[in-house]
Amino acid sequence: MKPLHSLRKGMDFVLSFLCSLLFAAMVLIGTYQIVTRFIFRSPSTVSEELLTYCFTWMALLAAAYVFGKRDHMRMSFLADRLPGAVQKILCIVSEVLILLLAGTVMIYGGFSIVRLTMTQSTASLGIPMGIVYTILPISGILTSLYSVLNIVDLLFGSANGISEQKTEDFRKGV
């Protein structure tokens, strides 16, 4: 169990670092874009395209991170009224569905779109679109790994896989 927690902590650290790095890059690129557009009156098309791709990568990496932390939005008003064992089963079924979705849409579909678009180039940067789309299978693999780790935690960890502190904070409105 300890190696799995170490794996999760390592993935959490790397993803949070990458998301922070991408966000910082977006701030710098956005500032550069504003300066070139309004001060120098010469807008940069490269910065706009790069900003779009950075945002896409950050959003998909952050989505995987949020699924790993089990902090994604969920409507639990009915599930919270169920007995503990049923809640646990419901959480496991939810994680299995996430695993199937990530596997089919993000990993399989992602690799398909990467293969199809490797010959196309981006408008301003001139890099293959397949490189831009590689974030889909990467995010799918990360989400799938997190889903497997969550299932293991549900089976061998806490009663319903949700920390008691998060549940208490939610009830208090924090």
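Computed over heavy atoms, backbone and side chain alike; hydrogens, waters and symmetry mates excluded. Worth saying up front: this structure is predicted, and the values here are computed from it rather than measured. When a residue number appears, it is its place in the shown sequence, counting from 1.
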Expected list for residues 13-31: side-chain donor-acceptor pairs under 3.5 angstrom, two or more places apart:
residue : atom : partner : partner atom : Å
Ser16   : OG   : Asp12   : O            : 3.0
Ser16   : OG   : Phe13   : O            : 3.0
Ser20   : OG   : Ser16   : O            : 2.8
Thr31   : OG1  : Val27   : O            : 2.8

Worksheet item: Excluding sequence neighbours, so at least two apart, what forms side-chain contact (heavy atoms from CB on, under 4.5 Å) with Val96?
Response: Ile92, Leu100, Ile151
Worksheet, complete the sentence: For Thr122 and Met129, the nearest pair of non-hydrogen atoms, with its separation, is CG2-SD, 3.2 Å
Item to complete: Check whether Leu142 and Ile98 end up in the same hydrophobic cluster, where Ile, Leu, Val, Met, Phe, Trp and Tyr are linked by side-chain heavy atoms less than 4.5 Å apart.
Response: no
Worksheet item: Considering residues at least two apart in sequence or located in another chain, which fulfil the side-chain contact (heavy atoms from CB on, under 4.5 Å) criterion with Pro43?
Response: Arg37
Worksheet entry | Residues that Thr104 engages under side chain to side chain donor-acceptor pair (under 3.5 Å), provided they are two or more places apart | none
Response to the item:
The side chain to side chain donor-acceptor pair (under 3.5 Å) partners of Thr45 (sequence neighbours excluded) come to Ser124
Worksheet entry | Joint hydrophobic cluster, Tyr108 plus Leu101, side-chain heavy atoms closer than 4.5 Å | no
Worksheet entry | Spatial distance of atom CG (Leu116) from atom CZ (Phe111) [nearest 0.5 Å] | 13.5 Å
Worksheet item: Is a side-chain donor or acceptor of Thr143 paired with a backbone partner of Ser139 at a separation under 3.5 angstrom?
Response: yes
Donor-acceptor list for residues 1-8 side chains, cut-off 3.5 Å, not counting sequence neighbours:
residue : atom : partner : partner atom : Å
Ser6    : OG   : Lys2    : O            : 3.2
Arg8    : NH1  : Gly68   : O            : 2.6
Arg8    : NH1  : Asn150  : OD1          : 3.1
Arg8    : NH2  : Leu149  : O            : 3.4
Arg8    : NH2  : Asn150  : OD1          : 2.9
Arg8    : NH2  : Asp153  : OD2          : 3.0

Item to complete: Mark yes when over 12 heavy atoms from residues, nucleotides or ligands other than Tyr146 sit less than 6.0 Å from its OH; otherwise mark no.
Response: yes
Worksheet entry | Listed partners of Ser47 passing side chain to side chain donor-acceptor pair (under 3.5 Å), at least two apart | Ser44
Under 3.5 Å donor-acceptor pairs involving side-chain atoms of residues 51-65, not counting sequence neighbours:
residue : atom : partner : partner atom : Å
Thr52   : OG1  : Glu48   : O            : 3.0
Thr56   : OG1  : Thr52   : O            : 2.9
Trp57   : NE1  : Val132  : O            : 3.0

Response to the item:
In short, Gly110 meets Leu136 closest at the heavy-atom pair CA-CB, 3.9 Å
Discussion item. Rounded to the nearest 0.5 Å, what separates atom CD1 in Ile141 from atom CE in Met106?
Written reply: 10.0 Å
Worksheet item: Closest approach of Lys88 and Leu155, non-hydrogen atoms and distance?
Response: NZ-O, 3.8 Å
Response to the item:
Hits for side-chain contact (heavy atoms from CB on, under 4.5 Å) against Ile34, two or more places apart or cross-chain, chain-then-number order -> Phe38
Discussion item. Can you list everything that forms a salt bridge (Lys or Arg N to Asp or Glu O under 4.0 Å) with Glu49? Sequence neighbours excluded, please.
Written reply: none
Practice prompt. Would you please name every residue forming a side-chain contact (heavy atoms from CB on, under 4.5 Å) with Leu99, sequence neighbours left out?
Written response: Ser144, Ser147, Val148
Response to the item:
To the nearest 0.5 Å, atom CG of Leu154 lies from atom CD1 of Ile89 at 11.0 Å
Discussion item. Other members of the hydrophobic cluster containing Leu82, with the 4.5 Å side-chain heavy-atom rule, please.
Written reply: Val86, Leu90
Worksheet item: Applying the 4.5 Å side-chain criterion to the ILVMFWY set and letting contacts propagate, would Val152 and Phe67 be lumped into a single cluster?
Response: no
Item to complete: Apply side-chain contact (heavy atoms from CB on, under 4.5 Å) to the pair Glu95 and Arg70, showing each step before the final yes or no.
Response: CA-CA 10 Å; Glu95 289 294 334; Arg70 294 191 56 120; 3.0 Å; yes
